[in-house]
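Both ligands and their constituent atoms are indexed starting at 1 by order of listing.
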Amino acid sequence: MKLILIGAPGAGKGTQAEKLIEKLGIPSISTGNILREHLAKGTELGEKARGYMESGALVPDDLIVDMLKARLSKPDCEKGYILDGYPRTVRQAEALCGMGAGIDRVVSIETDDEAIIRRMSGRRVCRDCGASYHLLYNKPEKDGVCSKCGGPLYQRDDDKEETVRARLSVFHQQTEPVKAYYEKEGILLRIDGMAEIPVVTKRIFDALGLSE
Ligand code: AMP
């Protein structure tokens, strides 16, 4: 199964990807997490991406497409994967098609901008494994500590309100057209994402014909 999760920043893509990983036993590939690893290691790609990421803009397609191609060629992707945060432009979707990916379904998690802004202020992410939590809706077992790997939790700079507004505007302008691209192909599933996490998970599983 090859799946794409599309949604505004803070729509819950990462959280729902984790539920799908458990169910399907395939890896989730988050281009945002891969970029943050490059930033942390100070690689050339990380340095090129830093300014875009800090301002909430998209990293240029060429850099992202090469990075994704390298990741998808790894053996753990042979049985399928979940893409979280890619494609974010129609050019990226076309490049994925050019790689012969053969995507089965695209799940669009639909949300409301003002609710996203409220949600993002409580988001915390594990510095070591990238797992995401929320101070109100998805608390870690121990404050400030990842329940999965014990790593430290932190608030991403790009989760600040001003940056979130800029990222939402980028989403509407550049990523919304990606939905139309997959709608034309007849593989887009629109899911109402304005509910508690388990409710949204059930909606996604039902739409994909998976039992919980
Ligand atoms: P995310 O963790 O998916 O919200 O991504 C964080 C930031 O990484 C985004 O705001 C972009 O600057 C960059 N980024 C992640 N994925 C992509 C992508 N597919 N295309 C361009 N930029 C990306």
Indicate yes or no: at least one non-hydrogen side-chain atom of [X] is less than 4.5 angstrom from one of [Y].
{"X": "V200", "Y": "K19", "result": "no"}
{"X": "Y181", "Y": "E94", "result": "yes"}
{"X": "I187", "Y": "I103", "result": "yes"}

May I ask you to check if R127 and Y154 form a cation-pi contact, with NZ or CZ under 6.0 angstrom from the six-membered ring centre and within 45° of the axis?
->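 Yes, R127 and Y154 form such a contact.
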
Which residue, I64, L45, I29, forms the side chain to side chain contact (heavy atoms under 4.5 Å, CB included) with I34?
->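 By the side chain to side chain contact (heavy atoms under 4.5 Å, CB included) criterion, I34 pairs with just one of I64, L45, I29: I29.
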
Using a strict cut-off of under 4.0 Å between a residue heavy atom and any atom of ligand 1, list the qualifying protein residues by chain and number.
->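 For ligand 1, the contacting residues are T31, G32, L35, R36, M53, A57, L58, V59, I64, G85, Y86, R88, Q92, R156, D158, R167.
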
Salt bridge check: are D159 and R167 linked by an N-O gap of less than 4.0 Å?
->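 Answer for the salt bridge query: yes.
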
